[in-house]
Enquirer: 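This is the structure I have questions about; it appears just below.
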Amino acid sequence: MTGSDGGNSAYGNRTFQRSKAHFTDRITADGRDGWPVEPGRYRLVVSRACPWASRALVSRRLLGLEGALSLAVADPIQDDRSWRFTLDPDGRDPVLGIRYLSEAYDRRETDYPGGVSVPAIVDVPSGKLVTNDYQQITLDLATEWRALHRDGAPDLYPMALRDEIDAVMADVYEDVNNGVYRAGFATEQAEYEAACSAVFRRLELLTPRLARQRYLVGDTLTEADIRLFTTLVRFDAVYHGHFKCNRWKLAENEVLWGYVRDLYQTPGFGDTVDFDHIKRHYYQVHTGINPTRIVPLGPDLSGWLTAHHREELVGRPFGDGTPPGPPPPDEQVAAQGRPAPA
């Protein structure tokens, strides 16, 4: 239960277990679940602090879906009703007219099991939650929403590579995406050590792969890169210290540091990242781990804009396509959340 001051004392005091998405309806081209793809009908609700929501932010940008799927950004600091729209005028989402994401959940189902999570897609006409299935949302954006993709959009889930992409993503999810949380929220030493060891074992296995190829699967960006990126971009800022994944910093691994900087500097990736939201959320909400709620000053962000030299490897980020244009003005990350240009 989150407190009214935005803290959550449960984290670090009970064994961590990630809840499965409860609302798994899909928005598809044929509307088989009752939710057809339609421009302007749905609203994507995210927190820029959340790595699971950040997957959807990156996918939406790369695919050029900004005009088809509107965006609501929640406050990184939660209160006892979880994600809230206090960044918006009057504390209400201007499209959905609600103060808390939980209101859209309640319109779909009262007394549902599990918490209020992001990413979430809400049906604007009814105000009901459609899905909070973070594993499926981005795959559907890449495949079911094709008719609304921008010209030059990349194929993030190419049919010929799906088996390999799925295998890589499964390992990354278990040991890295979810592994940092198992380490950070561990309540026993052995539990922590097993999770932390698995994080670094997987990163060390990925290092030679990414030393010889620019991207995880094939020679272009795929869903696999998005899912690894959203954890790596948070690694030194929060997982190294706050979650005690501190065998080494990402910046100390030449290959992975180059890989994540390459992605960060690719349009559609870094322009969705808000380091201010990330740090304030983890350090101020997880009071079971950080009871003082003090947010550290570091790390220095200037390194994110330095040369990575990954273009020397075989690979073209967008294949035969093109990069997305700049984010809409109202979706740009504030200056305090990004590295200052040299």
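Being a predicted model, the structure only gives us computed values, none of them experimental. In this chain, numbering begins with 1 at the start of the sequence shown.
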Enquirer: Side chains of Q78 and S82: is there a donor and an acceptor less than 3.5 Å apart?
Expert: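 Their side chains do contain a donor-acceptor pair, which is all the 3.5 Å distance test asks for.
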Enquirer: Tell me, yes or no, whether the heavy-atom count around D151 atom CG, taken from other residues, nucleotides or ligands under 6.0 Å, exceeds 12.
Expert: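 No - once you tally the heavy atoms of other residues, nucleotides and ligands closer than 6.0 Å, there are 12 at most.
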Enquirer: Strictly by modelled atom types, are Y282 and N290 linked by a side-chain donor-acceptor pair under 3.5 Å?
Expert: no
Enquirer: For H242, what residues pass the ring-ring contact (aromatic ring centres under 6.0 Å, His included) criterion, not counting sequence neighbours?
Expert: Y283, H286
Enquirer: How about L141 and L69: do any of their side-chain heavy atoms sit closer than 4.5 Å?
Expert: yes
Enquirer: Are the side chains of Y239 and L250 in touch, meaning some heavy atoms are under 4.5 Å apart?
Expert: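 Not touching, per the 4.5 Å side-chain cut-off.
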Enquirer: Side-chain donor-acceptor pair under 3.5 Å between D140 and Y157, yes or no?
Expert: no
Enquirer: Taking the side chain from D33 and the backbone from R26, do they hold a donor-acceptor pair closer than 3.5 Å?
Expert: yes
Enquirer: Treating R182 as the side-chain partner and E174 as the backbone partner, does any N or O pair qualify as donor plus acceptor under 3.5 Å?
Expert: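 Yes.
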Enquirer: Side chains of D133 and T131: any donor to acceptor distance under 3.5 Å?
Expert: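 Judged by distance alone, the side chains do not pair up.
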Enquirer: Can you check whether P208's main-chain N or O pairs, donor with acceptor, with R212's side chain at less than 3.5 Å?
Expert: yes
Enquirer: When you compare the side chains of T306 and R261, does any donor N or O come within less than 3.5 Å of an acceptor on the partner?
Expert: yes
Enquirer: Report, as yes or no, whether the 6.0 Å neighbourhood of atom CG on D163 holds more than 12 heavy atoms from other residues, nucleotides or ligands.
Expert: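 No, the 6.0 Å shell around CG holds no more than 12 heavy atoms from other groups.
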Enquirer: Can you name the residues that form a side-chain contact (heavy atoms from CB on, under 4.5 Å) with D155, not counting sequence neighbours?
Expert: R146, P158
Enquirer: Share the residues that join F85 in a hydrophobic cluster, the rule being Ile, Leu, Val, Met, Phe, Trp or Tyr side chains under 4.5 Å apart at the heavy-atom level.
Expert: F23, V45, W83, V95, L96, I98, L101, Y105, Y112, V116, V118, V122, V124, L129
Enquirer: Salt bridge (charged side-chain N to carboxylate O under 4.0 Å, His left out), that's the test. Do D25 and K128 meet it? Break it down for me.
Expert: CA-CA 12 Å; D25 285 4; K128 295 179 179 179; over 6 Å; no
Enquirer: Quick one: does P317's side chain get under 4.5 Å of Y215's, heavy atoms only?
Expert: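 Yes, at least one pair of side-chain atoms sits under 4.5 Å.
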Enquirer: Do the side chains of T207 and L256 get nearer than 4.5 Å, heavy atoms only?
Expert: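 SC-SC contact between L256 and T207 confirmed.
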Enquirer: Would D90 and R92 pass as an ion pair if we require N to O under 4.0 Å?
Expert: no
Enquirer: In the hydrophobic cluster built from side-chain contacts under 4.5 Å, what are the other members alongside M159?
Expert: none
Enquirer: According to side chain to side chain donor-acceptor pair (under 3.5 Å), does anything in residues 331-341 pair up with another residue at least two apart or in another chain? List the pairs.
Expert: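 Sorted result for residues 331-341: R60-E331.
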Enquirer: Does anything in residues 249-272 form a ring pair (Phe, Tyr, Trp, His ring centres under 6.0 Å)? List the pairs, not counting sequence neighbours.
Expert: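 Residue pairs with at least one partner in residues 249-272: F229-F269, W257-W304, Y264-W304.
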Enquirer: For the pair R41 (side chain) and A68 (backbone), establish whether a donor and an acceptor sit closer than 3.5 Å, ignoring hydrogens and angles.
Expert: no
